[in-house]
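Single-structure report; data block below.
Below, each value reflects all heavy atoms present in this structure, side chains not excepted, and no hydrogens, waters or symmetry copies. Values in this document were obtained by computation on a predicted structure and should not be read as measured data.
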Amino acid sequence: MIDPSLALAAVVRKATIDALGADFADVDPAVRRSDRADFQADLAMGLARRAKMAPRPIAEAIVAKIEQGDLVEKVEVAGPGFLNFTLRGSWLAEAATAALADERSGATRSEAPETIVIDYSSPNVAKEMHVGHLRSTVIGDSLARVLQFRGHEVIRQNHLGDWGTPFGMLIEHLLDVGAERAEEDLAVGELGAFYKAARAKFDADPAFTERSRRRVVSLQSGDAETLDRWRMLVEVSKKYFDSVYRKLGITMKAEDACGESFYDRRLAPLAGELEGSGKATISDGALCLFPAGFQNKEGQPLPMIVRKSDGGFGYAATDLAAIRYRLGDLGANRVLYVVGAPQSQHFAMLFEAAKALGWLAAPRRAEHVAFGSVLGTDKRMFKTRSGDTVRLVDLVDAAVERADAVIGEKNPDLEPAVRSEVARKVGVGAIKYADLSSDRIKDYVFDLERMVSFEGNTAGYAQYAYARARSIFRKAEGAKPGAIQVTEPAERALVLELLAFGGVVKLVEETLEPHRLAGYVYAVALAFTAFYEKCPILKSDVDPATRASRLALVELGSKVIARALDLLGIEVPERM
RNA sequence: GCGCCCGUAGCUCAGUUGGAUAGAGCGCUGGCCUUCUAAGCCGGUGGUCGCAGGUUCGACUCCUGCCGGGCGCGCCA
């Protein structure tokens, strides 16, 4: 057992049964970290009614039955009935030793691994990736890493916008400029310009508009030449997305792409099936599902339009086909949609419909992993000065450039090659961390200055703590990590923090909230820095046993920081 | 009109699922470098947790109603 809160919970649970009887086997010991002791257990107050006793006598009865063993150093009742626990340094030392020997740093795998589909990133073909894609991409990727680390089979799904009416104008524009020229334009990341040019002609030139309409029809009907052009657009875009993912350190691969076009051939049969079964009804000429509990402005049932009155299909149809595919063909137990909060009603309806259709039933579940918007420092939607959306790659470049300047100033001795690599890790880390460190449901302010600083809850602070730890090993000369002993308060605080790693990973698995992990990294980095400050390691007056122990703690600390940051998708530099 | 989300220090944010005295960073301010990275550490300043009720031994947390801001509500995703 590495996590002391779990070990302690077991001890308290047993004591509770011994004190109050087997009926109380189901109570949550409510073990929490405490600022007055190592841990506190808060169950006594809640038990008063059920046990027909006052909280304090309950607490005392439980304490009387606590088997301290090698875990508990001291336990006492405080206030209305809090149990305050101090753990034995020897137990903590052993747990830390076990964590250090464990390549997962003490984090367990799920006892019930699932197949989990994560839909995230989902850019549009022939369009630029902008800040709007940042959150889905970064949050989704972190969750994929966490769930995979927990031992689940994670299936990433990049639900590309690679089909539909815009492709009429895009293909016509492609034909206008010539395939070669188009490929060049698109390859260098001028997706935005390409799309805008097509759009401009579509809006201004009626002949072009008409050609585009006809082109949509030939695309839908599978015209070989049209499909060829379409394929080219998709391929070039996928290459571009791939380059952005590589730049950002995103684990999404080309083969994870499963866009709207994939579902196209499933839509007509799906609509036919729903219509035939009577589960969908015609309303105003459109084939609709009416999931329970949703109303429009007039108080009428709100539809999901499976087939439009013109016979075409919209996003609702595609999403229905997709959730069915994910639950059925992919065999998902859990389907996650990392999509902005404004679409929450749509997903609520989608899930409700999937339940009504019998596709989605417990223990299977679908969850909308919603997130807020990225705002500028003016608290409005993040845009450039001229009002354009900001390209993702420009954002990254700016952050890396800024990081490079800061590092050059703080550590002028770093060789240029090392420095630029460090700047890349720090700059990219800053952007991702800023996104992952606050509650995803809230909007957040994009402030490059703040992000790339190394103060407070930032990637740079954690990366710096890691780099300092690594620096110690470079200077250790013969000294090696050895038996861990936990004596100094700073050592104890650090070890308690480090041993909580597995619990935090589990929490993120449940809540799908990466900011819990970011908060944890910060807590570890704080504890580590305080330890570093108060507990000398390589200084001459440190005895060999203490030095070896502290080196072991530095090793464990740096491993946990690196692993936790990795789960956020952030790299660590060996030097800074 | 209905529904969803947000409201915590001057600013940017946490708050471990209802626990003890609401915490960080920035800002302002006082200390700490002849030895492991001062990008740091230790302290001070700063709060009617939007407002009002309710539930509870206990509420920033749960419920109800308001106020303020954002978003959504039939063939776009």
Residue whose nearest RNA chain B nucleotide is more 5′ - Gly164(A) or Lys539(A): Lys539(A)
Separation of atom CD1 in Ile537(A) from atom P in U37(B), rounded to whole Å: 10 Å
Give a yes/no on whether any side-chain N or O of Ser471(A) is located under 4.0 angstrom from OP1 or OP2 of U37(B). yes
d(Leu134(A) CG, Ile431(A) CD1) to nearest 0.5 Å is 7.0 Å
Base-pairing mate for A20(B) - Watson-Crick or G-U, with both contacts under 3.5 Å: none
Counting just side-chain N and O atoms, does His515(A) come under 4.0 Å of either OP1 or OP2 of G15(B)? yes
For Lys308(A) and G74(B), is the shortest distance between a side-chain N/O and OP1 or OP2 below 4.0 Å? no
Measuring to OP1 and OP2 of U17(B), would you say a side-chain N or O of Arg32(A) lies under 4.0 angstrom away? yes
Between Lys379(A) and U12(B), is there a contact of a side-chain N or O with OP1 or OP2 at under 4.0 Å? yes
Answer with yes or no whether the side chains of Tyr120(A) and Asn158(A) bring together a donor and an acceptor at under 3.5 Å. no
When you compare the ring of Tyr464(A) with the six-membered ring of A39(B)'s base, are the centres less than 5.5 Å apart and the planes under 30° from each other? yes
Mind checking if Gln343(A) touches a base, just sugar-phosphate, or nothing, with heavy atoms under 4.0 Å? base
Is any N or O donor-acceptor pair between the side chain of Ser283(A) and the base of G74(B) shorter than 3.5 Å? yes
Partner of G40(B) under the Watson-Crick or G-U wobble criteria, both distances under 3.5 Å, comes out as C32(B)
Are Tyr461(A) and C41(B) close enough that a side-chain N or O sits under 4.0 Å from OP1 or OP2? yes
Determine, answering yes or no, if Phe294(A) is stacked on G3(B) under the 5.5 Å centre rule and the 30° plane rule. no
Separation of U21(B) P from Asn84(A) CG (nearest whole Å): 13 Å
For U45(B), the Watson-Crick or wobble partner whose two distances fall under 3.5 Å: G27(B)
Rounded to whole angstrom, note down the P distance from U56(B) over to C11(B). 37 Å
If we call it a pair only when both distances are under 3.5 Å in a Watson-Crick or G-U wobble match, what pairs with G7(B)? C67(B)
Side chain to side chain, Val521(A) and Leu565(A), heavy atoms closer than 4.5 Å: yes
At less than 4.0 Å, is any side-chain N or O atom of Arg468(A) found next to OP1 or OP2 of G40(B)? Yes or no. no
Pairing of Arg424(A) and Glu571(A) as salt bridge, 4.0 angstrom limit: yes
Check this one for me: any side-chain N or O of Arg516(A) less than 4.0 Å away from OP1 or OP2 of G15(B)? yes
Which class fits the ring pair Tyr337(A) and Phe347(A): parallel under 30°, tilted 30 to 60°, perpendicular over 60°? tilted
Could you tell me which nucleotide pairs with U56(B) by Watson-Crick or G-U wobble geometry, both distances under 3.5 Å, or answer none if nothing does? none
Does the structure show a Watson-Crick or G-U wobble partner for C76(B), both distances under 3.5 Å? Name it, or say none. none
